[in-house]
Amino acid sequence: MKALLLVDIQNGFCPGGNLAVAGGHEIVPIANALIASGKYDLVVASQDWHPADHGSFASQHDGKNAFEMGTLGGQPQMMWPDHCVQGTADAELHPDLAADAIHFVQRKGENPLVDSYSAFRDNAGDALTGLDSYLRDKGVTELDVLGLATDYCVRFSVEDAVAFLPGVKVRFVEDASRGITAEGIEQAVASMRAKGVEVVNSTDILR
Ligand code: VGL
Ligand code: ZN
């Protein structure tokens, strides 16, 4: 059972969005080509889905600017611009994404007291989203992961897939992902590789 996980392909992470990732929209046609390829039995997506007062937002911390470090729940926390607020256009999946082909959408980041980069659990590690049991129940044996942003939600989703789904072959689709900083992308790819993740391109899959 082969599955594709589309991480946070939302307006908020594409140009024009509140936490835009450079070239974020460029991955949409690649994701659609993979979905249409017939190579996957199951397509799932994650969706960053924050309340308006989420604690990862710089706006909730006096004197903090976006993209500086602060704290949340006593842990270091990157202060983000307000993004992907529940019910706003910023939180919607990109309109050109083949959403009809997505079997399940896992929302995350709903608890204002903790951030949630991974599609599988919150950053404190306390609360599972349930995506691990969903994929296990479906009998997934191979999982390809792509999306936004490589250095945050994609990286931690990939690494948690390895941790929570033993025996599942996890691959990162590099050309179908975009990240926030060049250094962060480099570190993310090195870290995923070190955890046994194969790094592939869509062209390898579609060939
Ligand atoms: C993300 C920062 C904050 C992501 C989500 O999807 O990578 N990054 N929230
Ligand atoms: Zn977020």
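Counting convention: from 1, in listed order, for ligands and their atoms alike.
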**Prompt:** Are His25 and His94 close enough, and set up right, to give a ring-ring contact (aromatic ring centres under 6.0 Å, His included), and what steps lead you there?
**Reply:** CA-CA 8 Å; His25 63 299; His94 190 288; 7.4 Å; no
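In this model, no donor atom of one side chain and acceptor atom of the other lie less than 3.5 Å apart for Arg155 and Thr150. Checked by atom type, the side-chain pair Ser118/Asp160 shows a donor-acceptor distance below 3.5 Å. Asp115 and Gln77 share a donor-acceptor pair across their side chains, judged by distance under 3.5 Å alone.
Residue Asp48 places at least one N or O, backbone or side chain, under 3.5 Å from an N or O of ligand 1. Polar contact check, Tyr117 against ligand 1: no nitrogen or oxygen pair lies under 3.5 Å apart. Note: no N/O pair closer than 3.5 Å links Lys108 and ligand 1 by distance alone. Among the atoms of Val154, none of the N or O lies under 3.5 angstrom from an N or O of ligand 1.
Dense packing is recorded around NZ of Lys2, with more than 12 heavy atoms of other residues, nucleotides or ligands lying under 6.0 Å away.
For the Zn ion (ligand 2), the N/O/S atoms of His50 include one lying under 2.8 Å. Here His54 fails the criterion, with no N, O or S atom under 2.8 Å of the Zn ion (ligand 2).
Here Met78 has no heavy atoms under 4.0 Å from ligand 1, in either its backbone or its side chain.
Remark: ligand 1 atoms within the under-4.0 Å shell around heavy atoms of Ala149 are 4 (C), 6 (O), 7 (O). Close contacts between ligand 1 and Cys153 involve ligand atoms 1 (C), 4 (C), 5 (C), 6 (O), 7 (O) [criterion: under 4.0 Å to a heavy atom].
Looking at Asp48 and the Zn ion (ligand 2) together, the shortest N, O or S contact belongs to OD2.
Nearest to atom 6 (O) of ligand 1 among the protein's heavy atoms is Asp8 OD2, 2.6 Å. Closest to atom 8 (N) of ligand 1, if we only count protein heavy atoms, is Tyr152 CB, 3.8 Å.
If you run side-chain contact (heavy atoms from CB on, under 4.5 Å) between Leu93 and each of Val28, Asp8, Ile102, Asn11, only Ile102 comes through.
A salt bridge links Asp144 with Arg171: the closest approach of a Lys/Arg side-chain nitrogen to an acidic carboxylate oxygen falls below 4.0 angstrom.
The minimum heavy-atom distance between Val154 and Leu146, with the atom names listed, is CG2-C, 4.3 Å.
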